[in-house]
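Okay, structure first, notes after.
Both counts, for ligands and for their atoms, begin at 1 and track the order of listing.
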Amino acid sequence: MTSITSVRRSVDDAAELLQLPDEIRAVLEISKREMTVQVPIPRDDGSLLVASGYRVQHNRARGPFKGGVRFHPDVDIDETRELARLMTWKTALVDVPFGGAKGGIQIDPGQLSRGELERLTRRFTEMLSPVIGVFDDIPAPDIGTDPQVMTWMMDEYSNLDRYSPAVVTGKPEGLGGAAGRDSATGRGGVDVLEAHLAAEYRTIDGLRIAVQGFGNVGSWLAVEAQRRGAVVVAVSDIEGGVHDPTGLELDSLVRAVAAGGSVVDTGLERLTNNELLTIDCDVVVPAALGDVLSASNAPDVKASIVVEAANSPTTEDADRIFAERGITVIPDILANAGGVTGSYFEWTQNIQQFTWPRDRFDKELEVRLGSAYEATRTLAVEKAIDLRLAAYCIGIGRVAAAIQLRGHG
Ligand code: NAD
């Protein structure tokens with residue numbers, strides 16, 4: 001059973017609990033628009049590359065569509081559709097004025113030259129240009145895309161329309177990127193974890209954390225958690241992981257990855273990605289791909305808290321096992337909502353042509369995520385449900401209310 005079923009199940013359970021009418025459930029079920037394109041580009045050797053690209057716009061009852069763009073070989077319409085739905089509930093949960101969307105290209109960006117990647121990104125943007133826009137749909141980075149890819153998207157769109165920095169978020173600072181957006185998803189994960197610990201009269205000090213995925217989200221999360229007093233005992237990337245029970249020195253790992261290498265290039269004690277998830281620690285953070293916590297490894301997880309920094313990392317079976325074992329799961333739509341919250345700050349700054357200092361960005365992020373955690377926990381306690389269902393109820397309830405007021409999604 002995949003986490004796609006798990007997302008559906010959570011939506012059904014939330015709709016049931018909220019007693020939503022059938023017509024509202026039907027609107028929540030269907031995407032507003034789904035686009036599949038073939039993106040052709042000339043390769044450096046003169047041959048033709050044709051890749052499949054997608055943009056799914058799920059719901060815009062609460063504001064323009066918003067969601068990342070993923071470049072990965074596993075991207076397809078089903079995954080994109082489910083991730084777009086997650087975005088709808090996530091934007092509503094943190095109460096930013098957006099709907100939900102997702103996009104991507106089925107490609108391994110590591111196999112492309114820089115020129116090929118730029119041509120692919122620009123062609124894809126041109127194909128999406130009729131449906132994206134500052135007040136229509138605002139893409140952002142996700143797996144395999146970064147501030148450079150966002151810059152090409154912004155530039156291509158601006159060439160077709162007019163200078164439009166607010167058409168994408170996650171841009172570099174100095175070109176409309178907001179100070180703080182690069183670290184916002186990882187930092188937000190730590191903000192939510194600290195809010196959870198505080199509610200349980202605990203602190204992050206000395207907490208042993210293992211992080212799977214050392215890209216944008218995982219690396220910032222690890223660095224920020226360590227800065228606040230946690231001990232990061234293991235991290236990994238696609239090549240595998242490294243481990244030190246006394247705490248890793250993260251600077252050299254960040255440098256290795258920034259230089260285009262892997263965390264395993266650092267000569268530290270190694271472990272596999274699956275071993276990382278079941279290592280002796282207090283908090284495990286999946287921050288890479290979906291479905292990594294399943295029935296096969298959930299019984300062996302030793303952490304007492306799972307922070308879902310990745311989208312959909314826990315299958316429905318694993319979720320049930322964690323509930324039986326008393327392991328708390330901080331769900332993706334809350335744990336990684338720092339990304340879209342930071343994107344909202346970037347978008348507003350672009351529209352106003354007014355930049356915030358970094359400390360304002362970080363503070364507002366903490367306040368918004370703290371409120372979202374508080375609301376989620378309060379509902380979970382009141383209804384005796386888990387944090388995931390509580391988060392879905394809040395998100396879906398707000399979207400349903402907007403649909404009822406506007407008469408459409
Ligand atoms: P990224 O491309 O920057 O990093 C991905 C990391 O995962 C890399 O370290 C990569 O080596 C590793 N990885 C890839 N395949 C792996 C595998 N099979 N096993 C183990 N590790 C693997 O991506 P990111 O932006 O950090 O996104 C990570 C997750 O966070 C995704 O699920 C994404 O949807 C989610 N997310 C990202 C953002 C954001 O702002 N970037 C916001 C919300 C959620």
Mind listing the N or O contacts between ligand 1 and protein, cut-off under 3.5 Å?
residue	atom	partner	partner atom	Å
ligand 1	2 (O)	Gly144	N	3.0
ligand 1	3 (O)	Asn216	N	2.9
ligand 1	9 (O)	Phe214	N	3.0
ligand 1	9 (O)	Gly215	N	3.1
ligand 1	11 (O)	Ile238	N	2.9
ligand 1	26 (O)	Asn216	N	3.2
ligand 1	26 (O)	Val217	N	2.9
ligand 1	32 (O)	Ala288	O	2.8
ligand 1	32 (O)	Asn311	N	3.1
ligand 1	34 (O)	Arg70	NH2	2.8
ligand 1	34 (O)	Asp142	OD1	2.7
ligand 1	34 (O)	Asp142	OD2	3.3
ligand 1	34 (O)	Asn311	ND2	2.9
ligand 1	40 (O)	Arg181	NH2	3.2
ligand 1	40 (O)	Thr185	OG1	2.7

task = Provide the closest heavy-atom pair for Leu112 versus Ile107 in the form atom of the first, atom of the second, distance.
result = CD1-CG1, 4.0 Å

ask   = Got a sec: does the NZ of Lys302 have more than 12 other heavy atoms crowding it under 6.0 Å?
value =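 For Lys302, atom NZ is crowded (more than 12 foreign heavy atoms under 6.0 Å).
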
ask   = Which residue pairs pass the ring pair (Phe, Tyr, Trp, His ring centres under 6.0 Å) test with at least one member in residues 126-183, sequence neighbours excluded?
value = Phe135-Trp347

key: Qualifying residues under side chain to side chain donor-acceptor pair (under 3.5 Å), relative to Ser236, sequence neighbours excluded   = Asn273

Show me the donor-acceptor pairs, under 3.5 Å and distance only, between side chains in residues 326-334 and residues at least two apart or in other chains.
residue	atom	partner	partner atom	Å
Asp332	OD2	Ser312	N	2.8

message = Once you measure the plane-to-plane angle for Phe124 and Phe71, does it fall in the parallel (<30°), tilted (30-60°) or perpendicular (>60°) bin?
response =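 Perpendicular.
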
